[in-house]
Trainee: 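Please find one structure pasted underneath; my questions will follow.
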Amino acid sequence: MIEKGRISCLELALIMYATVATTAILYIPYVTAQHAKRDLWLSPIWGSLSGFLIVVIIVILSRFFPGKTLIEYCELILGRTIGKIIAFLYLFFLLHDTAIAFREYGEFVESAFLHKTPMLFVTGSIAISCAIAVHGGIQTIGRCALLFLPIVLASYVLIYIFLIPDLNVKNMLPVMADGVMPSIKGSLAPHAWLSQFSLMSFLLPFLTNQQKVMKWGMFSVMASVLTMVLINLGNLFLFGDIIINLQFPVFEAARFVSIGSFFEHIESIIIAVWVLGGFIQLSAFFYMLVLGTSQWLKLPSYKPFVLPIGFLIILFSAWTIPSFEDMIRGMGTTVPFYFLTVQLLIPILLLCVAVIRWKKPKSFLQ
Amino acid sequence: MKVVGILVVTVILVFIFLIQRRGLARSEKRVKRAFFSIMMVNWVFAVLLVIFPEMPGPGQMIDFIYKSFEPFW
């Protein structure tokens, strides 16, 4: 096998949580609020449907082909030519998705901290540190997630604990003033983000314990949705209706913290800690892309390709998104459809063909 | 300015090659071929982007394909 390292189910859940939630709490509230207004906290709950569905599909597919990733079983299910084409589409999507994630990281760090640094330096430097983690293999990323994510989570919780005196619960009323439609319309972006759980198929072969995958996958989706709902609620309680105009509400909330007028400007700590989460997310994306590419080309090792593919990602991150405004507009309009067609339709297609061809996986009832 | 950009890109790619050189020397022909194709793609795209920074990319392609979905939402 191309990868020797192994991860535990908890590490899998944490990596997937970081992959989805890190940028979801930054960008999704703004995109969702454009449609859902005051009901933006309901949108991730609708979005969770995609997340649960995709975890079920990916886990069943992994029972059909234990020890294989999506790129490998694509070829087994659909035959050599069509399989290669579909796998290439998926890989291209993954490259694009990774580039978007790097760009999101860069845009946030630049607009919050490093106003005058060129974007390429911000994304390039994180790419180099991620490349070191990816070179270390999946085990390194898993351990990093185990180490860093508790700190990241604690920092999110701390912001809103410090803000308790300023939170106004009445801001969420009236709930569903215009019916359920606005929150469903706003759920497009959460749907797209949670569909990224299809990337789980790249990690499933490296688990030490295959028995409890479904449980931990579901747990990871639930944790991501719960984080999104709670962060949205916290922002809504704090800002009320002006939340529609805030591009980074979490960051603004951190800026708002002031205790006894001496404990202020904790946003700098929050960003520093957020970067840890960003590092896990970007390393996971980067790793999946490198692994997928080497499996697509049937190569014995992925390590020589870490740096060249890192360069390609940085190129794409500069090329695919002309500006910050374009990125935000895309997230609310076309990009979610793209995410959903690739990450939901391709696994569903694979599952249908697999069920027709083989009826039932041997280990399905375990 | 553009010449400097092309030079910088080339230097980075050569640097990547130098880092990977030892590992590559020991590996199969297939790995070498794949490595150099990816490096070639990198170089071509990077140079194109230096010369034409406004070149339409995959982002525009996605917009073009999925634009028609928008009115339904």
Side-chain angles (χ1 to χ4, degrees), chain A residues 35 92-93 95-97 99-100 103 120 124 127-128 131 135 181 184-189 191-192 290 293-294 296-323 326-327 329-330 332-342, chain B residues 1 4-6 8-73:
Chain A
H35 286 292
F92 181 78
F93 158 80
L95 173 63
H96 196 169
D97 194 6
I100 294 175
R103 184 60 180 252
L120 283 178
I128 291 173
H135 207 268
M181 264 331 266
I184 292 183
K185 276 191 170 178
S187 73
L188 187 59
H191 268 298
V290 172
T293 312
S294 350
W296 190 69
L297 295 168
K298 293 214 163 55
L299 298 171
S301 165
Y302 64 86
K303 289 191 176 164
F305 299 93
V306 176
L307 287 175
I309 288 179
F311 188 88
L312 195 61
I313 293 170
I314 297 301
L315 264 187
F316 262 66
S317 77
W319 185 27
T320 48
I321 305 154
S323 68
D326 275 318
M327 186 171 78
R329 190 190 47 76
T333 51
T334 48
V335 171
F337 292 113
Y338 174 45
F339 274 43
L340 286 173
T341 36
V342 177
Chain B
M1 205 48 217
V4 178
I6 294 172
V8 169
V9 166
T10 315
V11 166
I12 295 176
L13 287 174
V14 168
F15 200 65
I16 292 178
F17 167 69
L18 289 179
I19 295 174
Q20 299 292 353
R21 192 184 42 181
R22 251 194 224 160
L24 277 176
R26 272 183 274 117
S27 50
E28 295 170 43
K29 212 173 182 185
R30 217 149 40 107
V31 179
K32 280 180 200 160
R33 222 182 292 154
F35 181 83
F36 285 113
S37 346
I38 294 179
M39 292 293 269
M40 208 54 219
V41 169
N42 275 345
W43 190 78
V44 169
F45 275 127
V47 168
L48 276 176
L49 276 175
V50 168
I51 300 173
F52 312 107
E54 302 296 314
M55 187 170 62
Q60 279 84 345
M61 188 180 79
I62 301 308
D63 272 353
F64 176 75
I65 296 172
Y66 291 94
K67 218 169 27 192
S68 46
F69 283 84
E70 251 177 90
F72 297 111
W73 197 250

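Lettering of chains follows the sequences in order, A, B, ..., and the numbering in each one begins at 1.
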Trainee: Just wondering, are more than 12 heavy atoms of other shown residues or ligands nearer than 6.0 Å to CZ in A:F92?
Mentor: yes
Trainee: Please identify which of these residues, B:I19, B:I12, B:L13, meets the side-chain contact (heavy atoms from CB on, under 4.5 Å) condition with A:L307.
Mentor: B:I19
Trainee: Would you say OH of B:Y66 has more than 12 non-hydrogen atoms from neighbouring residues, nucleotides or ligands within 6.0 angstrom?
Mentor: yes
Trainee: Rounded to the nearest 0.5 Å, how far does CD1 of A:I309 lie from CD1 of B:I16?
Mentor: 11.0 Å
Trainee: Please round to the nearest 0.5 Å and tell me the distance separating atom CD1 of A:I100 and atom CD1 of B:I62.
Mentor: 8.0 Å
Trainee: Does the side chain of A:S301 reach to within under 4.5 Å of the side chain of B:V31, using non-hydrogen atoms?
Mentor: no
Trainee: Nearest heavy-atom pair of A:P308 and B:F35: which atoms, and what distance?
Mentor: CG-CE1, 3.4 Å
Trainee: Sub-3.5 Å donor-acceptor pair from the side chain of B:R30 to the main-chain atoms of A:P300, do we have one?
Mentor: no
Trainee: Which atoms of B:M55 are under 4.5 Å from chain A, going by heavy atoms: the side chain, the backbone, both sets, or neither?
Mentor: both
Trainee: So B:V9 and A:F311, do their side chains get closer than 4.5 Å, heavy atoms only?
Mentor: yes
Trainee: Report which part of B:P53 has an atom under 4.5 Å of a heavy atom belonging to chain A: side chain, backbone, both, or neither.
Mentor: neither
Trainee: With sequence neighbours excluded, what pairs up with A:T334 under the side chain to side chain donor-acceptor pair (under 3.5 Å) test?
Mentor: B:D63
Trainee: So which of A:F93, A:Y338, A:F316 actually passes side-chain contact (heavy atoms from CB on, under 4.5 Å) with B:P58?
Mentor: A:F316
Trainee: Let me know if B:I65 has heavy atoms under 4.5 Å from chain A in its side chain, its backbone, both or neither.
Mentor: neither
Trainee: For A:F305, is it the side chain, the backbone, both or neither that has a heavy atom under 4.5 Å from a heavy atom of chain B?
Mentor: side chain
Trainee: Between A:P322 and chain B, with a heavy-atom cut-off of 4.5 Å, which part of the residue counts as in contact: side chain, backbone, both or neither?
Mentor: side chain
Trainee: Heavy atoms only: give me the nearest A:K303-B:Q20 pair and the separation to one decimal.
Mentor: O-NE2, 4.0 Å
Trainee: May I ask you to check whether over 12 heavy atoms, not counting those of B:F15, lie within 6.0 Å of atom CZ?
Mentor: no
Trainee: For A:I321, which atoms come within 4.5 Å of any heavy atom of chain B: side chain, backbone, both, or neither?
Mentor: neither
Trainee: Can you tell which part of B:E28 gets under 4.5 Å to a heavy atom of chain A, answering side chain, backbone, both or neither?
Mentor: side chain
